[in-house]
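Following: one structure in structure tokens, then a few remarks.
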Amino acid sequence: MIIELDSLEIIFDSGKEHFKVLDIPHWQVAEGGQVAIFGPSGSGKSTFLHTLAGLLPISSGKLSVCGQALEGMSEANRDQFRAQYVGYIYQNFNLLQGFTALENVLLGMTFSPRKSDPEEAKRLLDEVGLSHRLKYHPSQMSSGEQQRVAVARALANRPKLLLADEPTASLHPVNKEDVLRILLDICNRHGCTLVLVTHEREVIGLFENTVTFLEFNRVYQGTVGG
Amino acid sequence: MSFWRIILKSLKHHRFSNGLAAISIAMGVALLVAVYSFKEQSHNAFTQVGLGVDAILGPKGSPLQIVLNALYHLEDMPGKIKWTYFNEVEKERIVAQAIPFVVGHSYGGFRVNAIDPRFLTEFEYLPGKIFSFSESEGGKGGPFSAPDEAVAGWEAARELNIRLGQTFNPVCGVAEGDPVHKKDNLRFVGVLAPTGTPHDRAIYIPLETFYGLEGHPQETALMAEQEEFREISGAYIKIKRIRGGALHPGIQDLKFAINQSDRNQLVVPAEVMPRLHNIIGWVDRVLIAIAIILTALSVLFLFFSLLSALREMRRDLALFRALGATRKTVMGLVVSEAMIISLLGGVLGLAFGHVLIEMGAHFIKVETGVGFTAGYVSMIDWLVIPGAVLLGLLAGLVPGIQAYRLGVLDNLSPVS
């Protein structure tokens with residue numbers, strides 16, 4: 001299993017307020033799986049994704065991602081874990097405006113243990129159909145192209161797990177399916193496990209495995225993918 | 001993509017504010033470099049072992065005035081001394097060489113000093129160095145050998161475009177409007193090779209010529225014939241050395257003995273010049289204070305421009321964190337950026353500072369004859385680069401800490 005969790009709890013404690021954001025008894029995803037997590041805004045989907053990426057500390061329970069136990073792991077080690085094993089795609093692309101498409105992809109390799117490889121970055125951009133946009137800055141590209149650069153960047157560190165947070169929410173309807181198909185196809189080719197969160201029903205239609213976050217602080221239990 | 005390339009991109013992205021910060025640091029550093037260099041070089045110039053002179057025999061008056069007049073061709077000599085007295089001093093057992101001179105004339109704004117011919121051929125203007133007329137060294141012609149001949153210092157010759165064989169009429173005095181010795185046509189027969197000392201800014205004529213210049217009172221002409229009436233402005237005195245090259249300790253007794261007289265005194269430049277430094281030292285201190293304040297303000301400017309840039313960079317830094325950069329890495333990015341800007345400012349300041357010295361050196365050379373060089377490396381030059389890096393580190397520390405504390409999720413995509 002590439003993701004395996006037990007009794008996972010994420011609790012936000014601001015001093016005055018103390019509330020449970022996630023409470024998942026058991027969940028696991030097999031390597032190579034493609035899972036869509038569906039649910040309304042505020043149901044904790046992104047928090048769950050952030051937890052899988054090691055961006056949030058675990059309050060209690062056990063979480064193993066790519067064979068790495070994240071519970072009790074220091075923040076610096078979680079940073080390294082993310083750089084080595086995880087690719088992340090954001091709703092609003094989060095490309096650096098001062099960097100070209102190629103440089104944005106190279107950035108995905110910079111903090112990983114891998115050496116920056118411009119040739120591989122070019123190849124990734126070619127895979128997402130942007131070989132003609134290497135030197136373009138984000139402001140010179142359409143939103144669909146920007147998201148494809150973000151896909152290439154997320155794959156730059158050769159991750160075992162690709163996390164996509166509402167990757168099509170900011171896209172024009174024409175581009176949505178295009179980007180999703182590229183994402184699914186590229187994950188298949190790279191043997192990469194995909195966990196995608198969305199609130200769009202039309203997106204989940206492309207996935208064989210879908211789990212639903214019904215509402216805030218509700219849980220899902222089971223095994224998907226494989 | 002390397003760590004340094006990311007910094008370079010960020011520097012380029014904020015090039016306007018970064019450029020301004022670097023230039024403001026450069027201005028402060030340039031002023032600091034120039035002031036320190038002038039301070040050290042002037043100190044060296046004014047303590048060049050009294051420009052080859054251990055002591056000056058002169059009339060009673062301000063010792064500083066005597067040094068400035070005799071060695072730097074500034075001010076006026078406060079009076080005259082008797083030739084017979086000079087002869088007595090010259091015979092003192094600790095006196096190695098005594099060169100008499102008479103000041104008070106000028107030409108084209110440069111002092112014309114009547115001087116013993118040994119000054120041009122035997123006198124060491126700096127330890128081990130005598131005047132040269134060699135063309136390969138920039139000189140021309142040779143020393144004077146007749147009463148109507150003259151020799152120009154290198155700077156005077158350059159400024160006045162003096163050619164060998166050219167004649168001139170000395171001015172009786174050093175002020176504008178003083179009378180000219182119209183009937184005395186003196187001829188340039190030599191130009192001294194540059195020495196980098198105030199001697200470059202004077203014109204020299206034979207001592208006896210002074211007494212024969214037309215228009216002087218009859219007593220002056222009498223001085224040429226009868227030694228008991230003869231007067232001179234002063235004399236450069238070289239004292240014998242003892243073991244180890246030190247001055248003969250008898251100089252203090254000689255000074256004491258001469259200073260007992262009503263009309264004469266022995267001035268030791270090495271004792272007088274520090275007083276001049278004390279007088280002008282406050283100017284140095286004010287300039288250095290201004291330079292330090294300017295540098296401090298520019299570092300403050302860098303600090304605020306970094307803070308401002310950090311506000312724009314929050315999302316970028318958060319993204320670096322999301323891509324796996326540690327807190328220390330993003331802090332390192334911000335601090336390194338500050339250090340590079342400061343280093344750039346320091347390097348530019350060092351270069352600007354030396355350009356400033358080169359420009360100022362020309363002006364000072366023309367005005368005083370003291371040679372300053374842009375190639376001089378002062379103590380501050382060695383401190384500029386490490387100092388700039390340190391200041392950059394200080395300026396970047398608070399923005400760096402803010403970058404360290406930056407929350408990833410607060411500055412990235414909206415949560416669903």
Side-chain angles (χ1 to χ4, degrees), chain A residues 37 39-47 49-50 53-56 75-100 102-113 115-116 118 121 153-154 156-157 165-166 169-170 197-199 213, chain B residues 1-19 305-306 308-337 340-341 400-416:
Chain A
I37 298 175
S41 291
S43 60
K45 306 185 300 294
S46 290
T47 302
L49 224 52
H50 292 149
L55 285 165
L56 281 174
E75 188 186 48
N77 285 342
R78 279 187 276 125
D79 291 336
Q80 284 172 10
F81 151 79
R82 197 161 55 249
Q84 190 169 356
Y85 297 105
V86 180
Y88 208 112
I89 300 167
Y90 301 87
Q91 175 184 337
N92 57 351
F93 328 132
N94 277 329
L95 298 179
L96 294 191
Q97 297 302 311
F99 290 58
T100 63
L102 183 63
E103 287 166 341
N104 266 289
V105 177
L106 281 169
L107 210 55
M109 301 171 182
T110 300
F111 306 104
S112 79
K115 206 176 158 188
S116 280
R153 182 184 64 192
N157 60 336
D165 190 357
E166 302 276 10
S170 301
V197 303
T198 183
H199 68 279
F213 276 43
Chain B
M1 180 173 290
S2 71
F3 181 84
W4 297 111
R5 184 146 172 80
I6 293 172
I7 292 174
L8 201 68
K9 293 288 289 185
S10 176
L11 286 170
K12 205 172 155 190
H13 193 59
H14 302 108
R15 55 185 169 270
F16 184 70
S17 59
N18 290 340
S305 73
L306 284 169
S308 161
L310 189 66
R311 273 195 289 276
E312 287 177 41
M313 287 167 65
R314 295 175 83 90
R315 199 179 67 91
D316 295 2
L317 293 174
L319 182 71
F320 293 154
R321 290 289 322 282
L323 290 171
T326 61
R327 287 184 187 275
K328 284 181 188 168
T329 305
V330 292
M331 181 179 174
L333 283 168
V334 173
V335 174
S336 300
E337 194 171 321
I340 287 171
I341 295 166
I401 290 169
Q402 287 198 359
Y404 183 91
R405 289 179 176 165
L406 203 70
V408 181
L409 299 176
D410 308 335
N411 293 286
L412 278 180
S413 56
V415 290
S416 54

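A note on names: the letters A, B, ... follow the listed sequences, proteins ahead of strands, and every chain is numbered from 1.
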Task: Heavy-atom pair of closest approach, residues A:Asn94 and B:Leu319 - done: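 The pair with the smallest heavy-atom distance is O-CD2, 3.0 Å.
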Open item on the list: Show the nearest heavy-atom pair for residues A:Phe111 and B:Gly324, with the distance to one decimal.
Closed with: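 Shortest heavy-atom contact: CB-C, 3.8 Å.
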Task: Sub-4.5 Å side-chain heavy-atom contact between A:Arg153 and B:Leu323 - done: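 With C-beta onward as the side chain, the pair touches.
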Open item on the list: If you define the side chain from C-beta out and look only at heavy atoms, does anything of A:Thr110 sit under 4.5 Å from B:Phe3?
Closed with: no
Task: Option that, when pairs with chain B are counted at under 4.5 Å, heavy atom only, ranks first among A:Ala156, A:Ala53, A:Ala83 - done: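 Most heavy-atom pairs within the cutoff with chain B belong to A:Ala83.
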Open item on the list: Looking only at heavy atoms and a cut-off of under 4.5 Å, which of A:Phe81, A:Phe99, A:Phe93 has the most pairs with chain B?
Closed with: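 If we count pairs closer than 4.5 Å to chain B, A:Phe99 comes out on top.
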Task: Gap between atom CZ of A:Arg82 and atom OG1 of B:Thr326 - 0.5 Å precision - done: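 Nearest 0.5 Å value for the OG1-CZ distance: 10.0 Å.
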- [ ] Please confirm whether the backbone N or O of A:Gly98 pairs with a side-chain atom of B:Lys9, one donor and one acceptor, at under 3.5 Å?
- [x]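 Yes; judged by distance alone, with no hydrogens or angles, the pair exists.
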TODO: Mark yes or no for whether B:Arg315, through its side chain, and A:Leu95, through its backbone, hold a donor-acceptor pair below 3.5 Å.
DONE: yes
Task: Proximal component of B:Thr329, with respect to chain A [non-hydrogen, under 4.5 Å] - done: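 Side chain only.
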Task: Contacting region of B:Arg321 [heavy-atom separation from chain A under 4.5 Å] - done: both
Task: Proximal component of A:Glu103, with respect to chain B [non-hydrogen, under 4.5 Å] - done: both
Task: Worked check of side-chain contact (heavy atoms from CB on, under 4.5 Å) between A:Asp79 and B:Phe320 - done: CA-CA 10 Å; A:Asp79 291 336; B:Phe320 293 154; over 6 Å; no
Task: chain A contacts, top residue of B:Lys328, B:Arg327, B:His13 (heavy-atom pairs, under 4.5 Å) - done: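 Top option by heavy-atom pairs under 4.5 Å: B:Arg327.
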